[in-house]
Protein chains: 2
Amino acid sequence: MAARKSPARPIEPALSPVDGLAQLSFTVLGMLERRAAKHDLSLSQTRLLGVLRDRRPTMQELARLLGLDKSSVTGLVDRAERRGLVTRVASTADRRAVEVHLTDAGRSLATAGATDFAADVTALLELLAPADRRALSELINRLLLAHAAEHGVDLFATMAV
Amino acid sequence: MAARKSPARPIEPALSPVDGLAQLSFTVLGMLERRAAKHDLSLSQTRLLGVLRDRRPTMQELARLLGLDKSSVTGLVDRAERRGLVTRVASTADRRAVEVHLTDAGRSLATAGATDFAADVTALLELLAPADRRALSELINRLLLAHAAEHGVDLFATMAV
DNA sequence: TATTGTTATACTCTATAACTATA
DNA sequence: TATAGTTATAGAGTATAACAATA
């Protein structure tokens with residue numbers, strides 16, 4: 001029961017800005033997790049597939065992209081490989097290194113997962129009026145750009161899922 | 001370096017609404033996780049302490065609040081108890097049940113964690129101009145209220161951390 | 001010597017199933 | 001019988017340290 005035509009100040013009780021942002025984040029990540037679970041994927045496996053959609057990194061690059069230790073990536077890739085979602089391919093340039101490639105099955109799953117998740121988030125955003133929705137996206141973009149700039153990060157480099 | 005006085009259409013490259021919301025969620029949860037790690041707390045332990053700040057639930061209620069199986073909660077509480085953050089107190093009403101209480105140490109840690117996290121999120125929000133910040137919070141509140149209403153959930157019941 | 005990746009090991013987190021003790 | 005909680009067990013995910021192969 002949202003307030004219909006309340007003016008500037010909302011009648012509803014309001015979450016603090018901090019709590020609101022935290023709650024929103026939990027909600028969105030929860031959606032991602034539930035969708036992934038439908039495909040028998042953990043959040044970690046989902047991130048792995050997401051990262052591999054447009055890259056063929058070595059184990060070490062993968063570790064950096066995911067922010068994990070290389071030994072953790074060994075296990076992550078082991079389990080994905082056992083399921084036929086990725087393959088290890090010997091690097092031609094460096095005989096110590098291996099590249100991790102998405103298989104067709106892995107790519108299908110990554111695409112399906114991304115589509116499902118996008119549907120969830122779109123449905124969430126459609127709870128807002130179109131003008132509000134556009135405003136929210138614009139503000140989020142502004143915030144993320146400022147944050148990325150402050151940390152010297154390329155906002156578009158690590159996007160996955 | 002956000003665009004200073006760009007009109008309606010931003011000059012910067014923009015993330016799609018879905019990607020923006022996903023990225024923002026990862027950013028915020030990442031902050032929470034890093035702050036928790038500074039106190040040697042996992043996200044699960046942080047949620048546990050957060051939930052206990054204003055409740056003394058039984059194990060079963062805790063399982064429901066955290067969305068976990070009761071056996072998972074046994075382990076979670078075991079580890080927290082071993083660290084002196086919570087205690088198990090026999091229920092007077094039902095001799096099968098135990099209540100989980102925060103210790104003073106646990107409460108301190110929960111408070112410190114919440115304060116740190118709030119500082120991080122506040123710093124993030126302060127990357128926006130004050131008017132933008134207020135607008136963003138207002139839109140997030142609207143979105144969460146609509147979402148809570150749709151799912152028949154009390155938005156304020158499960159807030160933790 | 002330094003780097004790439006794996007292995008050995010340990011711990012947290014989670015779930016299912018079986019169990020104990022109440023109710 | 002049903003419920004509250006624990007235990008036994010299994011597996012994912014993570015990290016540190018030690019190792020083999022290659023650079």
Side-chain angles (χ1 to χ4, degrees), chain A residues 26 29-30 32-34 36-51 56-101 109 160, chain B residues 26 29-30 32-34 36-51 55-83 85-101 109 160:
Chain A
F26 274 113
L29 268 293
L32 181 54
E33 203 158 15
R34 272 192 302 281
K38 291 242 168 74
H39 298 289
D40 261 294
L41 288 175
S42 66
L43 218 41
S44 294
Q45 290 287 329
T46 302
R47 287 184 69 212
L48 172 63
L49 299 188
V51 160
R56 291 181 157 183
T58 64
M59 294 297 281
Q60 176 199 247
E61 289 164 352
L62 207 40
R64 188 180 49 72
L65 287 165
L66 296 174
L68 297 175
D69 188 85
K70 56 189 174 153
S71 64
S72 303
V73 176
T74 294
L76 210 54
V77 170
D78 281 351
R79 290 184 291 273
E81 196 169 30
R82 215 178 299 140
R83 284 181 61 180
L85 304 177
V86 308
T87 47
R88 281 175 165 95
V89 177
S91 163
T92 51
D94 183 337
R95 289 211 326 244
R96 295 170 301 180
V98 299
E99 287 174 4
V100 184
H101 295 198
L109 207 49
Chain B
F26 274 113
L29 267 293
L32 181 54
E33 203 156 17
R34 272 192 302 281
K38 290 240 167 74
H39 298 289
D40 261 296
L41 288 176
S42 65
L43 217 42
S44 294
Q45 290 288 328
T46 302
R47 287 184 69 211
L48 172 63
L49 299 189
V51 160
R55 283 182 200 83
R56 292 182 157 182
T58 63
M59 295 295 282
Q60 176 198 248
E61 288 164 354
L62 208 40
R64 187 181 48 74
L65 286 165
L66 297 173
L68 297 174
D69 188 85
K70 56 188 174 156
S71 65
S72 303
V73 176
T74 294
L76 210 54
V77 170
D78 280 351
R79 290 183 292 272
E81 196 169 30
R82 215 179 297 141
R83 285 182 60 180
L85 303 178
V86 308
T87 47
R88 281 175 165 94
V89 177
S91 164
T92 51
D94 184 337
R95 292 215 319 250
R96 294 170 302 179
V98 299
E99 288 174 4
V100 184
H101 295 196
L109 206 50

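Keep in mind it's a predicted model, so treat the numbers as computed, not measured. Within every chain, numbering begins at 1; the chains are lettered A, B, ... in the order of the sequence lines, protein sequences first and strands thereafter.
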- Note on the structure: Rounded to whole Å, CD of B:Glu33 lies from P of C:dT12 at a distance of 16 Å

- Message: Can you list everything that forms a side-chain contact (heavy atoms from CB on, under 4.5 Å) with B:Ser72? Sequence neighbours excluded, please.
- Response: B:Leu68, B:Asp69

- Polar pair under 3.5 Å, donor/acceptor by atom type, side chain A:Arg96, base C:dT3: yes

Return a table of donor-acceptor pairs under 3.5 angstrom between the side chains of residues 73-81 of chain A and protein atoms on other chains or two or more places apart.
residue: A:Thr74; atom: OG1; partner: A:Lys70; partner atom: O; Å: 3.3
residue: A:Asp78; atom: OD1; partner: A:Arg88; partner atom: NH1; Å: 3.0
residue: A:Asp78; atom: OD1; partner: A:Arg88; partner atom: NH2; Å: 2.9
residue: A:Glu81; atom: OE1; partner: A:Arg88; partner atom: NH1; Å: 2.6
residue: A:Glu81; atom: OE2; partner: A:Arg88; partner atom: N; Å: 3.1

- Query: Where does the chain A footprint on DNA chain D start and end, counting 5' to 3' with a 4.0 Å heavy-atom cut-off?
  - Reply: D:dA12 to D:dA23

- Hits for side-chain contact (heavy atoms from CB on, under 4.5 Å) against A:Glu61, two or more places apart or cross-chain, chain-then-number order -> A:Pro57, A:Thr58

- Would you kindly compare A:Arg95 and A:Ser44 by the position of their nearest DNA chain D nucleotide and give the one closer to the 5′ end? A:Ser44

- Note on the structure: In whole angstroms, the gap separating C1' of C:dT12 from CD of B:Gln45 amounts to 9 Å

- Item | Sub-4.0 Å heavy-atom contacts from residues 66-82 of chain B onto DNA chain C, ordered by number | B:Leu68, B:Asp69, B:Ser71, B:Ser72, B:Leu76, B:Arg79

- Using salt bridge (charged side-chain N to carboxylate O under 4.0 Å, His left out) as the criterion, list what pairs up with A:Asp94, not counting sequence neighbours. A:Arg96

- Task: Take B:Thr46 and B:Leu49, measure what side-chain contact (heavy atoms from CB on, under 4.5 Å) needs, and give me the verdict at the end.
- Result: CA-CA 5 Å; B:Thr46 302; B:Leu49 299 189; over 6 Å; no

- Look at all strands and tell whether A:Thr58 reaches a base, only sugar-phosphate, or nothing, counting heavy atoms closer than 4.0 Å. sugar-phosphate

- Item | Where A:Ala36 and A:Ser42 come nearest, the two heavy atoms and their spacing | CB-O, 4.3 Å

- Does B:Arg55 reach the main-chain N or O of B:Val51 with its side chain, forming a donor-acceptor pair under 3.5 Å? yes

- Taking atom P of C:dT12 as reference, at what distance in whole Å does atom CZ of B:Arg83 sit? 9 Å

- Value in whole Å for how far the P atom of C:dT14 lies from CG of B:Leu43: 9 Å

- Query: What pairs with A:Arg83 under side-chain contact (heavy atoms from CB on, under 4.5 Å), at least two apart in sequence or on another chain?
  - Reply: A:Asp40, A:Leu41, A:Leu85, A:Leu109

